[in-house]
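This chain uses plain numbering: 1 for the first residue, then up along the sequence.
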Amino acid sequence: MSEAFSVPYFKENFQQYIERNKDVFTKTHAMNAYYRSIVGTLINDNLNKNSEIVRRIRNLEKAYNEVKNQN
């Protein structure tokens with residue numbers, strides 16, 4: 001398993017979420033649902049360091065774009 005909240009961590013989770021929900025959602029819909037869920041969790045997390053939230057969101061964004069552009 002990848003380091004929590006790293007780009008590889010989020011990519012793996014995107015791909016798992018897409019696979020688990022392939023009978024319900026398109027790839028894009030599954031990715032958007034996962035993305036919104038994670039952003040909501042990060043925003044409501046009681047992290048004391050804003051830089052940590054920003055790092056996690058940047059990693060999430062990078063993973064989203066990398067998985068979205070895969071075939």
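Between the NZ atom in K22 and the CD atom in E19 there is a gap of 3.5 Å [rounded to 0.5 Å]. How far CZ of F5 is from CD1 of I57: 11.5 Å, rounded to the nearest 0.5 Å. R56 CZ to I38 CD1: the interatomic distance, rounded to the nearest 0.5 Å, is 10.0 Å. Separating the CZ atom in R55 from the OG atom in S6 is a distance of 8.0 Å, to the nearest 0.5 Å. K27 contributes atom NZ, which lies 15.5 Å from atom OH of Y17 (distance to the nearest 0.5 angstrom).
Of all heavy-atom pairs spanning L42 and I53, the tightest one is O-CD1, 4.1 Å. When all heavy atoms are compared, the tightest approach of S2 to Y9 is CB-N, 3.6 Å.
A donor-acceptor contact shorter than 3.5 Å links the side chain of T41 to the backbone of S37.
Scanning for side-chain contact (heavy atoms from CB on, under 4.5 Å) contacts around K62 gives V7, E66, with sequence neighbours left out.
Here the side chains of L60 and Y34 are in contact, with some heavy-atom distance below 4.5 Å. You'll find the side chain of I18 reaches within 4.5 Å of the side chain of M31, heavy atoms only. Two residues are said to be in side-chain contact when any heavy atoms from C-beta on lie closer than 4.5 Å; Q70 and K11 meet this criterion.
In this structure, F10 has its ring center no closer than 6.0 Å to that of Y64.
Annotation for R58: atom CZ does not count as buried by contact number, only 12 or fewer foreign heavy atoms lying within 6.0 Å.
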